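Below is one structure, written out as structure tokens, with a few remarks after it.
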Amino acid sequence: MLPYGYGKIVNYDRYAADFFGNPICIGNIPSLWLTIFAQTICPIMLIVGFQTRLAASILAFNMLIAVKFHFFDSFNIKVLPTLFLGLYLIQLLLGAGKYSLDYFLFSKIKIRISKNETKGILLYLVICGISWFVLANYFTGLVSVCLIVLAITLYLLSLYYIKDNEL
């Protein structure tokens, strides 16, 4: 979602003029601001696991509006918002996991994270950063392929660090 929110910030003037026909009937500018919030702040909240269900519900609502907007379009146009909607609904139902700020802040059971788990979590955050650059199309061609291979390698390494611990 971050690249989509970033794109709306960069092209703010174009979106502010007519934001998808005022999708929730509160005006173009408020709708755009809410969408930018949903597509920039809420994904960061999901990545770190802070107020996961709230962020997932905001993003699910955002994708529900996108599915509604693209309802009569061809399948290849509405498939991505529909997929995101499903993923956010699953996240809404499951909530935050063991490696989240919600768990650390609100769990009655205090856990200790080993050094290997910490390495795995940090690698995961690096993977999220690499993915953001790749999905935002900052790099093309061979550089993107190399970054994707690096992200997959780091992901497998993070699984190695976390594998002995229950998610």
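Reckoned from all heavy atoms, side chains included, excluding hydrogens, waters and symmetry mates. None of these values were measured; they are calculated from a predicted model.
- A donor-acceptor pair under 3.5 Å is formed between the side chain of Asp102 and the backbone N or O of Gln51.
- Shown here for Tyr161 and Asn116, the closest heavy-atom pair between the two residues is CB-O, 3.1 Å.
- Residue Leu85 is grouped with residue Leu59 when hydrophobic side chains (ILVMFWY) are merged at heavy-atom distances under 4.5 angstrom, including chains of intermediate members.
- Scanning all heavy atoms of the two residues, the minimum distance from Tyr6 to Thr40 falls at N-CG2, 4.1 Å.
- Remark: Pro3 engages Trp132, Leu135, Ala136 in a side-chain contact (heavy atoms from CB on, under 4.5 Å) (not counting sequence neighbours).
- Looking only at distances, a side-chain donor or acceptor of Thr35 sits under 3.5 Å from a matching main-chain atom of Ser31.
- Placement of Met1 and Phe37 in two distinct hydrophobic clusters is found when ILVMFWY residues are connected by side-chain heavy-atom separations under 4.5 Å, directly or transitively.
- Of the possible donor and acceptor atoms, none in the side chain of Asn62 sits under 3.5 Å from a partner among the backbone N and O of Gln39.
- Both Leu46 and Leu80 belong to a common hydrophobic cluster when Ile, Leu, Val, Met, Phe, Trp and Tyr are linked at side-chain heavy-atom distances under 4.5 angstrom.
- Tyr88 and Leu92 fall within a single hydrophobic cluster, where Ile, Leu, Val, Met, Phe, Trp and Tyr side chains are chained together by heavy-atom contacts under 4.5 Å.
- Under a 3.5 Å cut-off, the side chain of Gln91 and the backbone N or O of Gly95 do form a donor-acceptor pair.
- Just one of Leu159, Ile130, Val149 meets the side-chain contact (heavy atoms from CB on, under 4.5 Å) condition when paired with Leu154; it is Ile130.
- Residues Ala55 and Met45 approach most closely at CB-CB, 3.9 Å, considering heavy atoms.
- Nearest approach of Ser158 to Gly120, heavy atoms of both residues: CB-O, 3.6 Å.
- Of all heavy-atom pairs spanning Pro43 and Leu2, the tightest one is CB-CG, 4.0 Å.
- Heavy atoms only, all atoms of each residue included: Lys8 and Ile36 are closest at CB-CG1, 3.9 Å.
- Put simply, Phe84 and Leu54 are part of two different groups of oily side chains (I, L, V, M, F, W, Y) that touch within less than 4.5 Å, one to the next.
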(Q) Set out, in order, the CA-CA distance, both residues' side-chain angles and the distance that settles side-chain contact (heavy atoms from CB on, under 4.5 Å) for Tyr124 and Cys128, then state yes or no. (A) CA-CA 6 Å; Tyr124 175 75; Cys128 289; 3.7 Å; yes
